[in-house]
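What follows is a set of notes on a single structure, which appears directly below.
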Amino acid sequence: MKGLFVTDGKLDERAWSGTSMCLYRELGRHFDLAAVEQVVPSWYDLCNEVVNHLPGRKRLAPDRTLPWRRRCAAEVAAACERERPDFVFAPGSLSLAFVDAGVPLFCYIDGTVRAISQSYGGWERSDIEKADALERDALIRTAFVFCASDWVARSVVGDYSVDPSRIGVVGIGANNEIPVGDFGRVADARLKSLGGGVRILFVGVDWKRKGGADALETLRLLLAAGVPATLDIVGCEPEIPGDLEGRVTVHGFLSKEDSGERRELEGLYLGSHFFLLPTRAECVGSVFCEASSAGLPVLACDVGGVSTVVERGANGFLLDGPRAFADAIMRFAGDADAYRRLQVSSRELFLGKLNWRVIGDGMADRIGGFVDGAHAAEFDGR
């Protein structure tokens with residue numbers, strides 16, 4: 001069975017934090033995939049910026065403009081004529097706007113325009129309206145929408161009136177699976193090192209939105225309670241208050257494409273005791289799956305679709321505020337048996353649910369069954 005895999009931008013490890021590439025690899029185990037990369041050329045980006053900065057006009061990202069989406073739809077149609085696929089798949093919905101391919105369309109999404117604009121804020125009304133119209137067109141055309149969380153599934157049904165039978169919540173996997181080797185030895189080493197102090201890991205590019213200030217306050221509360229604790233920050237380089245000097249290490253952005261930086265990041269996942277990300281707005285978060293792949297317990301907030309991948313007592317807890325985070329850390333740091341069980345169950349949840357192989361198998365079964373059924377119906381029609 002052959003598929004056309006359509007992406008916004010280049011198909012590489014950086015696109016969508018690696019999600020697009022993971023989907024391509026996993027579906028490629030089941031289908032013969034041809035890729036179409038819809039990269040906005042620099043001249044179009046410049047023209048769009050000039051036009052949208054004229055008086056009275058609002059700025060709209062180039063990949064959300066009507067001319068670009070129509071051009072992309074024509075490109076997909078031409079690729080279908082050339083490749084003769086049995087289906088078209090897109091990571092993200094916008095690549096399917098205006099597409100008339102003559103074969104079933106599928107997409108995987110972690111957010112909708114409505115859900116993200118309401119949760120994240122900061123969008124201009126005109127931008128929301130235009131992008132929303134494109135998303136509505138795309139979702140109407142899809143045979144099936146794979147959703148990363150219950151949160152986005154509710155938006156697809158409630159905001160875009162998509163039939164619930166045409167959607168399914170499949171979760172998200174670890175874009176950077178941490179190699180653990182003998183996990184029993186990893187768990188024992190982590191437990192043993194707790195005696196020397198609690199090491200907390202924060203991974204996020206957007207310091208403010210990811211709740212960086214709450215992470216610092218959590219550290220303060222632990223130190224005030226007499227708990228020796230440190231905080232490692234990856235992804236950004238915030239200014240650290242003087243009272244926490246010596247307790248916080250800022251690593252900056254660590255690229256998974258650089259072997260040395262990747263190993264450094266993996267070492268942080270394996271050497272930390274808790275993964276803390278008090279994010280204030282989040283679609284779902286592959287980083288929670290990455291932490292679980294290392295058996296590292298997660299502490300986060302119940303926002304967006306986070307509850308789909310962070311299950312209470314299985315791989316962590318969804319809490320509200322620094323005090324709750326500090327209390328949870330002190331509780332498990334003081335209970336060796338409970339902490340080891342939480343490590344083990346975190347790893348088990350990753351193996352059974354939070355990895356792309358499991359997700360890809362399920363998606364491939366759904367796509368294959370739908371396409372087979374569509375072909376059978378077409379044959380009966382003739």
Open item on the list: Run the side-chain contact (heavy atoms from CB on, under 4.5 Å) test on Val303 and Ser119 for me, step by step, so that the C-alpha distance in whole Å, both residues' side-chain angles and the decisive distance to 0.1 Å come before the verdict.
Closed with: CA-CA 9 Å; Val303 296; Ser119 178; 5.8 Å; no
Task: Heavy-atom side-chain proximity of Leu277 to Phe275 below 4.5 angstrom - done: yes
Task: Min side-chain heavy-atom separation Lys256-Glu290 under 4.5 Å - done: yes
In chain order, what residues pass the side-chain contact (heavy atoms from CB on, under 4.5 Å) check against [X], with sequence neighbours excluded?
| X | answer |
| --- | --- |
| Asp137 | Ala97, Phe98, Arg141 |
| Asp163 | Ser165, Arg166 |
| Glu75 | Val36, Gln38 |

TODO: For the residue pair Asn315 and Ser292, confirm or rule out a side-chain donor-acceptor distance under 3.5 Å.
DONE: yes
Could I get the full list of salt bridge (Lys or Arg N to Asp or Glu O under 4.0 Å) partners for [X], not counting sequence neighbours?
| X | result |
| --- | --- |
| Asp361 | Arg29 |
| Asp32 | none |
| Lys10 | Glu37 |

Open item on the list: Once side-chain hydrogen bond (donor to acceptor under 3.5 Å, both in side chains) is applied, what residue pairs with a partner in residues 323-346 remain, sequence neighbours excluded?
Closed with: Asp188-Arg340, Arg190-Gln343
Taking ring-ring contact (aromatic ring centres under 6.0 Å, His included) as the definition, give me every residue that meets it alongside [X], ordered by chain and number, with sequence neighbours left out.
| X | value |
| --- | --- |
| Phe31 | Phe87 |
| Phe5 | Tyr24, Phe89 |
| Trp151 | none |

Got more than 12 heavy atoms from elsewhere within 6.0 Å of [atom1], [X]?
| X | atom1 | value |
| --- | --- | --- |
| Lys208 | NZ | no |
| Asp365 | CG | yes |
| Arg280 | CZ | yes |

For a quick test of reading the model, state the closest non-hydrogen atom pair linking [X] to [Y] and the distance between them.
| X | Y | result |
| --- | --- | --- |
| Trp16 | Asn175 | O-ND2, 4.1 Å |
| Ala294 | Leu270 | CB-CD2, 4.1 Å |
| Gly360 | Leu27 | O-CD2, 4.3 Å |
| Gly252 | Glu237 | CA-CG, 3.7 Å |
| Leu23 | Pro91 | CD1-CB, 3.8 Å |
| Asp320 | Ala324 | O-CB, 3.8 Å |

Open item on the list: Run the ring-ring contact (aromatic ring centres under 6.0 Å, His included) test on Phe350 and Phe183 for me, step by step, so that the C-alpha distance in whole Å, both residues' side-chain angles and the decisive distance to 0.1 Å come before the verdict.
Closed with: CA-CA 13 Å; Phe350 163 74; Phe183 179 67; over 10 Å; no
Open item on the list: Please determine whether side-chain contact (heavy atoms from CB on, under 4.5 Å) holds for the pair Phe106 and Val371, giving the CA-CA distance in whole Å, both sets of side-chain angles, and the decisive distance to 0.1 Å.
Closed with: CA-CA 11 Å; Phe106 301 89; Val371 173; 4.2 Å; yes
TODO: Would you check if the side chain of Thr142 reaches a backbone N or O of Cys107 as a donor-acceptor pair within less than 3.5 Å?
DONE: no
Task: Steps toward side-chain contact (heavy atoms from CB on, under 4.5 Å) verdict (Trp356, Ile172) - done: CA-CA 7 Å; Trp356 283 117; Ile172 193 169; 3.6 Å; yes
Task: Contacts of Ser93 that satisfy side-chain hydrogen bond (donor to acceptor under 3.5 Å, both in side chains) - sequence neighbours left out - done: Glu135
N/O donor to acceptor pairs below 3.5 angstrom from side-chain atoms of residues 238-247, sequence neighbours left out:
unit_1	atom_1	unit_2	atom_2	d
Asp243	OD1	Arg220	NH2	3.3
Asp243	OD2	Arg220	NE	2.7
Arg247	NH1	Ala229	O	3.4

- [ ] Run the numbers on Met1 and Asp372 for side-chain contact (heavy atoms from CB on, under 4.5 Å), then give the verdict.
- [x] CA-CA 9 Å; Met1 193 174 290; Asp372 282 341; 3.3 Å; yes
